[in-house]
Student: 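I'd like to ask you about the structure that follows.
What you see is a predicted model; the values in this text were computed from it and never measured. Quick note: numbers below take in every heavy atom, side chains included, and nothing from hydrogens, waters or symmetry partners.
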Amino acid sequence: MKKFGSLIAVSLLSGAVTLGAYKFFLEPNALSKITLAHPNYAKNVSLGAENIDFTTAAENTIHAVVHVKNKTVSKVPYLDFFYGYRGDREQTQIGTGSGVIISEDGYIVTNNHVIQNATELEVTLNNNKSYLAKLVGTDSKMDIALLKIEADEKLPYTVFGNSDDIKVGEWVLAVGNPYNLNSTVTAGIVSAKARNLANDGIQSFIQTDAAVNPGNSGGALVNTRGELIGINTMISSPTGSYTGYSFAVPSNITLKIIEDLMQFGNVQRGVLGIEGGELNSNYAKEIGVKATQGFYINKVTKNSGAEKAGLRKGDIIVQLDDKKINGFAELTAYINTKRPNDIVQVRIIRDEKDSIIPVKLSRKELLSYEFNGIEFEDLDSTDKKQFNLKEGVKIKSISNPEYSEYADMLKGAIIVSIDGQKANDMEAVSGYLAKKGNQKARYQIITKNGQIYSIIM
């Protein structure tokens with residue numbers, strides 16, 4: 001279990017980016033279609049559980065949720081009592097989780113942590129047929145992975161609902177394979193939206209009180225019409241088992257990630273290019289503003305879309321397009337559904353006056369880039385002067401627990417080459433690493449105190 005604070009645990013609920021809606025609906029030779037729910041379906045609101053029929057949604061979803069088995073083979077040192085080191089021995093570990101079929105030709109969405117480091121992936125359908133699965137791509141930051149199986153039949157699949165439309169108090173079903181108990185359905189309500197549980201603030205979860213346990217990871221969160229509104233990902237628990245709340249990646253974010261992975265091979269993450277904080281009474285008083293809701297900008301990134309559009313320190317973002325922004329999680333949730341060069345209408349309060357400023361989103365890779373739990377950024381003038389360098393990239397943060405022991409040394413270090421190729425800038429680095437998939441790379445780095453290392457990460 002990975003803990004966020006003392007309670008939030010990534011549920012190794014696994015034991016141990018419409019595929020381009022426009023692309024797949026418009027291109028005649030598209031391999032697959034993702035089905036979106038009809039926007040005019042009636043909603044089951046203001047009804048008690050006794051007045052809602054869960055059976056149709058459950059029946060439809062059960063057949064679209066699969067069991068995912070992750071086989072990991074690693075080498076461990078083999079020590080002999082009399083003769084000492086005798087080489088390496090292979091050790092096999094099996095992890096399990098859930099996945100959701102999203103197209104009749106075998107595309108499946110699950111969690112990244114369910115399939116992480118897998119040497120072999122096996123998917124078992126509700127009819128007990130099993131298939132080897134191919135990994136199409138992952139987004140470790142949002143904990144989403146896309147798989148593909150080649151089945152001998154058209155498969156049942158889920159329809160994507162609009163996660164922005166769900167309401168707190170709305171009934172939902174969680175479907176998955178907890179503790180290897182296939183086709184388990186639990187019911188609950190939406191407890192909260194736009195929950196931010198990660199230190200980097202990029203994630204924005206749907207919180208529910210539907211029971212989710214180890215093995216549910218990657219399974220479906222659906223509304224009472226059986227429309228997919230989230231991918232179950234985490235639980236809030238001091239024990240590792242369900243104790244009250246679970247969290248799901250919203251379907252709108254999942255949909256965008258799937259589209260990106262299938263069209264581009266990686267996630268196209270657009271950013272405004274701002275830093276700041278979520279307003280509340282205390283923070284507003286501290287910085288001397290009247291507003292108590294919204295996102296306060298205290299830094300605008302150089303060369304970003306925000307800077308070019310004229311956003312500046314002290315502006316308060318209260319709305320993006322037609323979405324009201326009360327805090328950081330809502331801001332990031334909306335931006336996560338957008339791509340570089342998309343234009344967002346940013347409504348701000350400046351000097352107690354409202355105005356709307358159109359901002360073209362920047363490509364995140366040109367400002368920062370994440371690979372294998374390592375986030376990079378370009379060198380600034382201070383870095384170049386300090387290290388007497390004209391080019392290179394800097395390690396901004398480390399989120400991969402595999403390297404947590406070395407995080408203090410690595411954070412702030414300068415990368416001068418990757419696999420022997422010069423790390424000139426973010427564009428070059430992101431382009432090279434994107435081609436490596438999940439393979440590790442050899443980095444030559446200069447630490448903050450000037451030491452030079454060659455490290456494989």
Side-chain angles (χ1 to χ4, degrees), residues 17 20-22 139 141-142 162-164 193-194 196 198 200-204 250 252-257 259-260 263-264 266-279 283-284 287 289-370 375-378 380 396-397 425-427 430:
V17 248
Y22 60 88
D139 181 1
K141 278 187 173 293
M142 294 307 303
N162 186 344
S163 54
D164 285 345
K193 297 172 62 176
N196 175 21
D200 57 17
I202 192 173
Q203 294 174 320
S204 178
N252 287 7
I253 294 176
T254 303
L255 192 63
K256 187 264 181 184
I257 293 170
E259 180 180 357
D260 284 357
Q263 282 190 266
F264 309 108
N266 56 24
V267 180
Q268 304 288 299
R269 216 182 298 280
V271 293
L272 282 169
I274 57 172
E275 295 179 18
E278 184 174 312
L279 284 175
Y283 188 38
I287 60 179
V289 299
K290 292 182 178 180
T292 57
Q293 286 186 317
F295 183 81
Y296 179 83
I297 301 175
N298 59 31
K299 181 181 179 181
V300 177
T301 305
K302 187 177 180 181
N303 296 323
S304 67
E307 184 191 54
K308 293 173 182 177
L311 293 182
R312 63 195 192 203
K313 180 178 179 179
D315 290 344
I316 300 170
I317 298 176
V318 295
Q319 188 169 308
L320 298 176
D321 293 332
D322 59 355
K323 184 173 181 61
K324 187 176 180 181
I325 302 300
N326 292 318
F328 192 31
E330 290 166 325
L331 184 147
T332 55
Y334 187 75
I335 295 299
N336 279 338
T337 65
K338 301 296 181 181
R339 293 183 180 82
N341 298 320
D342 283 352
I343 296 177
V344 177
Q345 302 297 323
V346 181
R347 183 183 174 192
I348 64 168
I349 298 176
R350 177 185 294 172
D351 300 327
E352 300 183 17
K353 295 179 181 179
D354 279 13
S355 61
I356 296 177
I357 300 177
V359 178
K360 180 184 285 190
L361 299 184
S362 306
R363 183 176 297 277
K364 188 178 190 296
E365 289 83 351
L366 300 181
L367 305 177
S368 66
Y369 178 74
E370 188 269 340
E375 187 171 9
F376 310 96
E377 63 182 354
D378 266 323
D380 57 27
K396 184 178 181 180
S397 66
D425 52 32
M426 283 302 310
E427 189 169 9
S430 63

Student: Would you give the length of the straight line joining atom CG of Leu255 to atom OG1 of Thr337, rounded to the nearest 0.5 angstrom?
Tutor: 10.0 Å

Student: Given side chains that start at C-beta, do those of Ile356 and Ile348 come closer than 4.5 Å, heavy atoms only?
Tutor: no

Student: Mind checking whether Met142 and Ile253 have side chains closer than 4.5 Å, heavy atoms only?
Tutor: yes

Student: Please give me the minimum heavy-atom distance between Ala329 and Thr332, naming the atom from each residue.
Tutor: O-OG1, 3.1 Å

Student: Minimum heavy-atom separation for Ile274 to Thr301, with atom names?
Tutor: N-OG1, 4.1 Å

Student: Is Leu279 close to Thr292 at the side-chain level, that is, under 4.5 Å between some pair of heavy atoms?
Tutor: no

Student: Applying side chain to side chain contact (heavy atoms under 4.5 Å, CB included), can you list everything that pairs with Asn298, at least two apart in sequence or on another chain?
Tutor: Glu275, Tyr283, Tyr296, Lys313

Student: So how far is it from Gln293 CD to Ile317 CD1, rounded to the nearest 0.5 Å?
Tutor: 14.5 Å

Student: Do you know which of Leu331, Val346, Ile316 makes side chain to side chain contact (heavy atoms under 4.5 Å, CB included) with Ile325?
Tutor: Leu331

Student: Please give me the minimum heavy-atom distance between Ala194 and Ser204, naming the atom from each residue.
Tutor: CA-OG, 3.1 Å

Student: Hey, could you give me the CG/CD distance between Leu361 and Gln268, rounded to the nearest 0.5 Å?
Tutor: 12.5 Å

Student: What I'd like to find out is whether the side chain of Val318 reaches to under 4.5 Å of the side chain of Phe295, using heavy atoms alone.
Tutor: no

Student: Among residues at least two apart in sequence or on other chains, which ones pass salt bridge (Lys or Arg N to Asp or Glu O under 4.0 Å) with Arg350?
Tutor: Asp315

Student: A side-chain contact here means heavy atoms from C-beta on lying under 4.5 Å apart; do Lys256 and Val267 qualify?
Tutor: yes

Student: Could you check whether atom NZ of Lys323 has more than 12 heavy atoms from other residues, nucleotides or ligands sitting under 6.0 Å from it?
Tutor: yes

Student: Which heavy atom of Ser163 sits nearest a heavy atom of Pro250, and at what distance?
Tutor: OG-CB, 3.5 Å

Student: Look at Lys193 together with Asp164 and state whether they make a salt bridge at an N to O cut-off of under 4.0 Å.
Tutor: no

Student: Taking all non-hydrogen atoms of both residues, which atom of Ala309 and which atom of Val359 are closest, and how far apart?
Tutor: CB-CG2, 3.7 Å

Student: For residues 351-362, which residue pairs qualify under salt bridge (Lys or Arg N to Asp or Glu O under 4.0 Å), counting only residues two or more places apart or in two chains?
Tutor: Lys290-Glu352, Arg347-Asp354

Student: For Asp321 and Ile343, work out which heavy atoms get closest and say how close.
Tutor: OD1-O, 4.5 Å

Student: Return the CD to CD distance between Gln319 and Glu330, rounded to the nearest 0.5 Å.
Tutor: 11.5 Å

Student: State, yes or no, whether a side-chain contact exists between Asn266 and Asp260 at a heavy-atom distance under 4.5 Å.
Tutor: no

Student: Is there a side-chain contact between Arg269 and Asn336, using heavy atoms and a 4.5 Å cut-off?
Tutor: yes

Student: Within the 4.5 Å heavy-atom criterion, are Tyr334 and Lys324 side-chain neighbours or not?
Tutor: no

